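Working notes, beginning with the structure itself.
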Amino acid sequence: MTEPYDLETLAIRSGIHRTQFNEHAEALFMTSSYIFDNAQQAADRFQNKEPGYIYSRFTNPTVNAFQERLAVMEGGECAIATASGMSAILTTMMGLLKAGDHVVVSQSIFGAAVQLFTNILARFGIEYTFVPLSDINGWKQAIKSNTRLFYLETPSNPTMELVDIEALSEVSKNANIHLVVDNCFCTPILQRPLLLGADIVIHSATKYIDGQGRVLGGAIVGSKAVLMDGIYSFLRTAGPSLSAFNAWILLKGLETLKLRVEAQSHAALELAKWLSDHPHVARVLHPGLSSHPQYDLAKKQQTHGGAVVSFEVKGGQEKAWKVIDSTQLISITGNLGDTKTTITHPATTTHGRISAEARKLAGISDGLIRVSVGLESLDDIKLDLSRGLD
Ligand SMILES: *Cc1c(COP(=O)(O)O)cnc(C)c1O
């Protein structure tokens with residue numbers, strides 16, 4: 001679609017290539033391979049002399065539809081879908097880096113992403129330096145002659161810290177390195193990092209893009225020049241590919257993304273305000289609260305604070321577990337972005353495998369609880385949290 005359509009239109013109308021049957025909804029192509037008219041065509045396809053489908057590890061019409069739709073929504077030229085958010089991060093790193101390269105990484109990223117840099121990529125000779133997310137000067141000073149990229153999430157999980165993407169992209173551009181932003185928490189509905197100067201956007205589509213807790217998926221979005229070289233080659237060869245079925249679920253998820261993310265974000269802000277007034281709550285972390293230290297930045301680069309609220313209860317882990325265990329409605333699970341409200345104790349679950357020191361640096365105290373607000377009645381959510389809080 002070349003018209004300058006609005007985001008909600010693109011979410012529903014882009015990426016559609018109808019078959020000869022003129023189906024209205026997006027078709028689901030459950031096929032591992034494709035047939036060729038003759039040997040010559042097969043040879044041409046394999047040698048990239050003729051565009052077309054070959055094998056679903058790297059080409060599938062349903063996966064392509066999802067990729068196209070997400071790319072236009074993020075304001076990117078193209079997207080590469082992967083089996084999960086983690087495989088999107090892995091594929092990006094394997095596509096862009098080699099032994100001896102160095103990356104600068106925000107110290108406030110998803111727990112498994114920390115492990116990927118410190119336990120896996122490091123074994124293959126990729127050096128890393130962790131820096132505080134919001135400290136632009138810290139990023140600048142961490143650059144070495146072999147630095148290839150910056151990697152971050154904003155807002156961060158679970159502490160809701162932000163970085164000024166535009167300001168950081170000036171630093172990365174000057175140093176001729178890639179700025180990679182995991183946009184899982186915001187989705188293109190709340191924030192479009194590519195338009196703020198980032199080179200690559202990463203998604204765990206498992207979260208808001210599915211939004212209903214059904215499938216795993218991931219994506220990498222950016223320009224053709226950045227994506228279609230090493231990153232696409234890695235996917236094609238190594239195969240951390242998204243299944244057609246999961247792509248179809250995610251494609252339909254994009255259609256309702258704006259409605260869900262906006263409604264969940266509004267409820268989250270209301271919940272954050274309510275928690276701020278609660279006597280047993282020490283602090284509340286949500287970018288939409290005027291008490292948030294980066295409230296002005298959040299207003300500048302996001303259209304809303306998002307649907308995740310983290311809060312620290314007075315009484316450490318014991319009280320936090322009591323609040324969690326007293327819920328009857330809210331789901332105790334590490335997942336987030338679901339229509340069902342979920343509750344997590346990051347210090348002992350999602351961030352339990354990183355060292356106590358790293359947790360402290362990232363601001364994840366033992367009393368911290370993360371709630372991902374869903375679409376249930378806000379009154380019911382408040383009542384459920386009150387059981388253990390009061
Ligand atoms: C969940 C998550 C990931 C990993 O995604 P999976 O789909 O679970 O592999 C990466 N980044 C963030 C911010 C996440 O929340």
Side-chain angles (χ1 to χ4, degrees), residues 63 66 70 74 79-94 103 105-121 133 150-163 165 180-191 193 198 200-221 235 240-243 245-247 249-250 253 257 261 264 268 285 287 302 306-310 331 333-338 342-346 349-354 362-364 368 370-374:
V63 174
F66 168 63
L70 181 62
E74 281 286 3
I80 293 173
T82 56
S84 67
M86 284 316 301
S87 60
I89 304 172
L90 175 70
T91 301
T92 303
M93 299 308 149
M94 295 303 273
V103 296
V105 182
S106 160
Q107 68 192 16
S108 318
I109 56 169
F110 188 64
V114 173
Q115 303 278 320
L116 180 70
F117 286 108
T118 59
N119 292 354
I120 298 177
L121 293 172
L133 173 63
F150 285 171
Y151 182 83
L152 61 94
E153 293 165 22
T154 178
S156 66
N157 173 19
T159 52
M160 302 293 124
E161 191 189 343
L162 275 61
V163 69
I165 297 173
V180 185
V181 177
D182 182 333
N183 201 30
C184 164
F185 266 51
C186 279
T187 81
I189 304 303
L190 304 186
Q191 170 176 282
I200 294 178
V201 158
I202 300 264
H203 272 289
S204 166
T206 315
K207 312 295 167 52
Y208 291 98
I209 293 178
D210 172 19
Q212 289 151 87
R214 299 163 294 190
V215 300
L216 287 159
I220 308 156
V221 194
L235 178 102
S241 323
L242 183 66
S243 76
F245 180 76
N246 287 6
I249 297 277
L250 297 170
L257 186 65
V261 167
Q264 289 170 240
L285 310 170
Q302 300 178 205
V308 176
V309 183
S310 293
S331 314
T333 171
N335 195 19
L336 64 92
D338 205 284
T342 62
I343 192 164
T344 312
H345 184 241
T349 60
T350 52
H351 293 70
R353 285 190 298 163
I354 63 174
I364 302 161
L368 195 73
R370 187 193 74 194
V371 172
S372 164
V373 180

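In this text, all values refer to a predicted model and were calculated from it rather than measured experimentally. Atoms within each ligand, like the ligands themselves, are counted from 1 in listed order.
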For this session: Please report the closest heavy-atom contact between Thr154 and Leu162, naming both atoms and the distance.
Result: OG1-CA, 3.3 Å
Between the protein and ligand 1, are there any N or O atom pairs that come within less than 3.5 Å of each other, and if so, what are their names and distances?
| from | atom 1 | to | atom 2 | distance (Å) |
| --- | --- | --- | --- | --- |
| ligand 1 | 5 (O) | Ser204 | OG | 2.9 |
| ligand 1 | 7 (O) | Gly85 | N | 2.8 |
| ligand 1 | 7 (O) | Ser204 | OG | 2.9 |
| ligand 1 | 7 (O) | Thr206 | OG1 | 2.6 |
| ligand 1 | 9 (O) | Gly85 | N | 3.1 |
| ligand 1 | 9 (O) | Met86 | N | 2.8 |
| ligand 1 | 11 (N) | Asp182 | OD2 | 2.6 |
| ligand 1 | 15 (O) | Lys207 | NZ | 2.7 |

For this session: Can you see which heavy atom on Asp338 is nearest to which on Ser372, and at what distance?
Result: N-OG, 4.2 Å
Problem set entry | Residue pair Thr350 / Arg370: nearest heavy atoms and the distance that separates them | CG2-NH1, 4.5 Å
Problem set entry | Nearest atoms (heavy-atom pairs only) where His351 meets Ile364 | CD2-CD1, 3.4 Å
Seminar exercise, completed: For Phe66 and Gly218 the tightest heavy-atom approach is CE2-O, 4.4 Å
Problem set entry | Value rounded to 0.5 Å, distance of CG in Leu70 from CG in Asn183 | 9.5 Å
